[in-house]
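Some notes on the structure that comes next.
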Amino acid sequence: MKLNYEKSGSQGPVFLLGHGFPFDHTMWNAQIADLSKDFIVIAPDFRGMGKSSPSGSAVTSMEELADDLAELLDDIQIKKCSYCGLSMGGYVGWEFWLRHPQRLESFILCDSNAKCDTPDAAQNRLKTADRIEAENSCAFMAEIMKKNLMTNQTLASAESTDSVFSRYRKMVTENNPSGVASVARGMAQRKNFTNLLQTVQIPMLVLAGELDLLSPPEAMKELTDAIPNAQLALIPNAAHLAPMEQPESVNQAIRQFLNSIPSEQ
Ligand code: MLT
């Protein structure tokens, strides 16, 4: 599987970024610009999303997306990295941790969780996947999802040029319908990692917007408490898309965490 990816920075430990659903690697633009001064930052588009082609199968599992990351690292001859995944990128991160533990130095779970879908949520995803394919477009999702993903403040400045909302809408509406539908079905059948949390041995940061409705602070605290030595960073004035809404605070939290990790590279 050939992934489209951006690689930035020429020195320092490797930092791999996994985007959320149904976005692409450009959601990390502010992190790439800042962190590439001190890290080698790699930001791929997951299979079927952004500019990476879909595999053509009806379901793309989180396992496959995690294996794609390992293959990408093989391709560009990188042994180990720290990984940060937002929401769906976090689900992929859990599989990457489970399937490729030797590659992972540390893990940032950003506005995400370790659970599987409830039966109702899984059903809804399957319906969404069918609708995306029927309409051959992801455009309807931008409107449906927006209130769950961004603060009222972000939404209030929605129409200004280059606003977070405009960038969000572009990523969603321009995404590949068959790739996105396939990944939605993969999320519906993802594993529950809750019982494995206590076995995490690498440094871990749980990072989330304080106003994230999908990954609320109480749930993030509970998750952090269940993982040995995990740290929690809550970002003020940010919701689910914290890295886009409050890039400076997010970058600072990421830097502080990454700088506390002794790199083996
Ligand atoms: C995401 O941002 O990746 C999605 O909210 C994940 C999900 O739908 O569970």
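What you see below is based on every heavy atom in this structure, not just the backbone, and it leaves out hydrogens, waters and symmetry mates. For ligands, and for the atoms within them, numbers begin at 1 and follow the listed sequence. Note that the structure is predicted; figures quoted are calculated from it, not measured.
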Exercise. Hey, does the Lys NZ or Arg CZ of R103 hover above the aromatic six-ring of F96, less than 6.0 Å from the centre and inside 45° of the axis?
Worked result: no
Exercise. Does atom CZ of F21 have more than 12 heavy-atom neighbours from other groups under 6.0 Å away?
Worked result: yes
Name each N or O atom in ligand 1 that is under 3.5 Å from a protein N or O, and give the partner atom and the distance.
| from | atom 1 | to | atom 2 | distance (Å) |
| --- | --- | --- | --- | --- |
| ligand 1 | 2 (O) | S87 | OG | 3.1 |
| ligand 1 | 2 (O) | H240 | NE2 | 2.9 |
| ligand 1 | 3 (O) | F21 | N | 2.7 |
| ligand 1 | 3 (O) | S87 | OG | 3.2 |
| ligand 1 | 3 (O) | M88 | N | 2.9 |
| ligand 1 | 5 (O) | S87 | OG | 3.3 |
| ligand 1 | 5 (O) | H240 | NE2 | 3.3 |
| ligand 1 | 8 (O) | R125 | NH1 | 2.9 |
| ligand 1 | 8 (O) | R125 | NH2 | 3.4 |
| ligand 1 | 9 (O) | Y91 | OH | 2.5 |
| ligand 1 | 9 (O) | R125 | NH2 | 2.7 |

Problem set entry | L241 side, atom CG; Y168 side, atom OH - distance, nearest 0.5 Å | 7.5 Å
Problem set entry | Of R99, K2, R47, the residue whose pairing with D68 passes salt bridge (charged side-chain N to carboxylate O under 4.0 Å, His left out) | R47
Seminar exercise, completed: With sequence neighbours left out, the residues meeting side-chain hydrogen bond (donor to acceptor under 3.5 Å, both in side chains) with S166 are S163
Exercise. Below 6.0 angstrom between ring centroids: does that apply to W94 and F193?
Worked result: yes
